[in-house]
There are 2 protein chains.
Amino acid sequence: MGAPTSPSSRSAPGRRQAEADDDTMVDLHAAVARRLERHDHRYTPGRRHLVETLARVARPVTLPQISSHSDELPQSSAYRNLEVLERCGVISRIAGSADHAHFELAEPLVDHHHHLVCVSCGSLQDVHLDDELEALVDAELAQAAAAAGFTPTNHSLDLHGYCHNCEPDR
Amino acid sequence: MGAPTSPSSRSAPGRRQAEADDDTMVDLHAAVARRLERHDHRYTPGRRHLVETLARVARPVTLPQISSHSDELPQSSAYRNLEVLERCGVISRIAGSADHAHFELAEPLVDHHHHLVCVSCGSLQDVHLDDELEALVDAELAQAAAAAGFTPTNHSLDLHGYCHNCEPDR
DNA sequence: GGTGTGAATGAGACTCATTCTCACTAACGT
DNA sequence: ACGTTAGTGAGAATGAGTCTCATTCACACC
Ligand SMILES: [Mn+2]
Ligand SMILES: [Mn+2]
Ligand SMILES: [Zn+2]
Ligand SMILES: [Zn+2]
């Protein structure tokens with residue numbers, strides 16, 4: 001059951017925070033490598049760099065944002081590798097309303113959560129809901145899906161509105 | 001008060017179904033005209049046609065799907081009018097995963113609902129949830145939003161999976 | 001029942017995020 | 001070392017959606 005959870009796990013007492021982060025990062029890379037191997041793909045430096053950036057920013061980001069975080073990342077390779085990582089279940093793509101798609105680490109590698117979507121600047125932010133509510137939602141969706149002959153895989157639940165820096169116009 | 005609800009409202013006893021549908025369509029057009037006037041826009045035949053198609057199909061559709069429903073609809077005018085109707089709160093755009101955006105009548109003109117999203121063919125289907133659950137979700141999202149300095153406007157909740165005609169590959 | 005003003009239309013040019021192509025390189029197995 | 005396969009990156013291509021602009025339409029006022 002060693003799948004690492006969120007990179008922001010609380011550190012054990014007496015351990016420096018940086019050390020704990022390094023540990024979770026090591027675990028993350030191991031988990032990613034396993035998933036890639038399962039699909040007969042290699043964990044190359046370019047892919048490692050993408051995963052590392054996504055883990056560090058800990059919020060959904062666009063490709064330009066990833067590129068800005070560390071330069072010299074060829075666009076075509078980046079998009080290709082994001083696609084590979086997506087097919088291997090390492091990251092997920094959020095297609096939303098913004099002009100660029102957003103990317104984040106996929107669900108088994110980070111824990112289940114949802115997003116605050118700014119309708120003004122298009123930024124995304126993670127938000128976690130109570131497990132009980134999640135269970136209720138899943139139960140009722142499953143029931144509705146069954147009635148429609150629909151086979152569910154997962155749900156998405158976003159809150160749209162104005163982020164901290166984007167006050168609504170009056 | 002008088003805002004028309006879903007086009008699929010139960011007809012009164014002794015009334016033919018088609019008659020009731022005509023009535024709700026008349027109400028819908030009146031409501032749309034009001035919204036357009038409020039923004040100093042005219043309810044032209046092209047716009048009326050878009051609204052009529054969206055009301056008839058009663059599920060989110062792409063522009064190619066709209067065009068196929070009745071030919072001779074210039075692409076540039078259609079997109080422009082969809083944008084106008086969106087700004088006036090008549091329709092809403094669903095940017096999702098599919099290559100084309102989907103469009104549907106906006107929330108005050110039809111009642112609040114969510115979507116079953118087929119990850120295979122990209123089709124969308126409406127699904128309605130219990131009001132109690134909706135209230136719970138809104139309450140908890142509002143609380144989380146406040147903690148993040150986020151001003152919410154509305155939520156979206158989709159169930160992803162395989163639709164009736166797209167059995168998952170084994 | 002003309003006439004002026006601004007909105008609407010439609011054909012096509014254009015944008016630009018993403019994907020594709022292809023020649024080249026790096027890694028793995030034997 | 002060698003053959004085979006995966007990965008890389010520069011640039012071309014794709015295509016949904018938007019923009020331009022000349023023309024037409026609808027309304028208001030006279
Ligand atoms: Mn959830
Ligand atoms: Mn809801
Ligand atoms: Zn914002
Ligand atoms: Zn399907």
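Below, read A as the first sequence line, B as the second, and so on, with proteins coming before strands; counting in each chain starts at 1. Quick note: numbers below take in every heavy atom, side chains included, and nothing from hydrogens, waters or symmetry partners.
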Across the strands shown, which category fits [X] at heavy-atom distances under 4.0 angstrom: base, sugar-phosphate, nothing?
X	value
Thr44(A)	sugar-phosphate
Glu83(A)	nothing
Arg47(A)	sugar-phosphate

- Item | base_contact_polar (dG10(C) base, Arg80(B) side chain, donor-acceptor, <3.5 Å) |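 Such a pair exists between side chain and base.
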
- Query: Going by modelled atom types, is there a donor-acceptor pair between the base of dA10(D) and the side chain of Ser76(A) at under 3.5 Å?
  - Reply: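 Counting by modelled atom types and ignoring angles, a donor-acceptor contact under 3.5 Å is found here.
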
How close or far is atom [atom2] of [N] from atom [atom1] of [X], stated in whole angstroms?
X	N	atom1	atom2	answer
Asp99(A)	dC19(D)	CG	P	12 Å
Arg87(A)	dA6(D)	CZ	C1'	12 Å
Leu82(A)	dT18(C)	CG	C1'	11 Å
Arg93(B)	dG17(D)	CZ	P	7 Å
Arg42(B)	dG6(C)	CZ	P	11 Å
Asn81(A)	dG9(D)	CG	P	9 Å
Glu72(A)	dG9(D)	CD	P	10 Å
Gln65(A)	dA17(C)	CD	C1'	14 Å

- Task: Go through Glu104(B) and His115(B) one step at a time and tell me if the side chain to side chain donor-acceptor pair (under 3.5 Å) criterion holds.
- Result: CA-CA 11 Å; Glu104(B) 66 178 354; His115(B) 297 120; 3.0 Å; yes

- Query: Within the side chain of His102(B), is there an N or O that forms a donor-acceptor pair under 3.5 Å with the backbone of Ile94(B)?
  - Reply: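 Pair absent, no side-chain N/O of His102(B) close to backbone of Ile94(B).
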
- Query: So His39(B) and His41(B), would you call those rings parallel, tilted or perpendicular, with 30° and 60° as cut-offs?
  - Reply: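 His39(B) vs His41(B) ring planes: parallel.
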
- Using a cut-off of less than 4.0 Å, is there contact between a side-chain N or O of Tyr79(A) and OP1 or OP2 of dT19(C)?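 For dT19(C), neither OP1 nor OP2 has a side-chain N or O of Tyr79(A) closer than 4.0 Å.
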
- Query: For His100(B) and dG17(D), is the shortest distance between a side-chain N/O and OP1 or OP2 below 4.0 Å?
  - Reply: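 Result: yes.
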
- What do the steps show when you test Leu54(B) against Val90(B) for side chain to side chain contact (heavy atoms under 4.5 Å, CB included), and what is the final call? CA-CA 11 Å; Leu54(B) 291 180; Val90(B) 175; over 6 Å; no

- Query: Taking atom NE2 of His112(A) as the centre, does the number of heavy atoms from other residues, nucleotides or ligands within less than 6.0 Å exceed 12?
  - Reply: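 Yes, NE2 of His112(A) has more than 12 neighbouring heavy atoms, counting only those of other groups under 6.0 Å.
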
- Let me know, please, whether Pro74(A) or Phe103(B) comes out on the 5' side of the other along DNA chain D by nearest nucleotide.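 Whichever sits nearer the 5' end wins; that is Pro74(A).
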
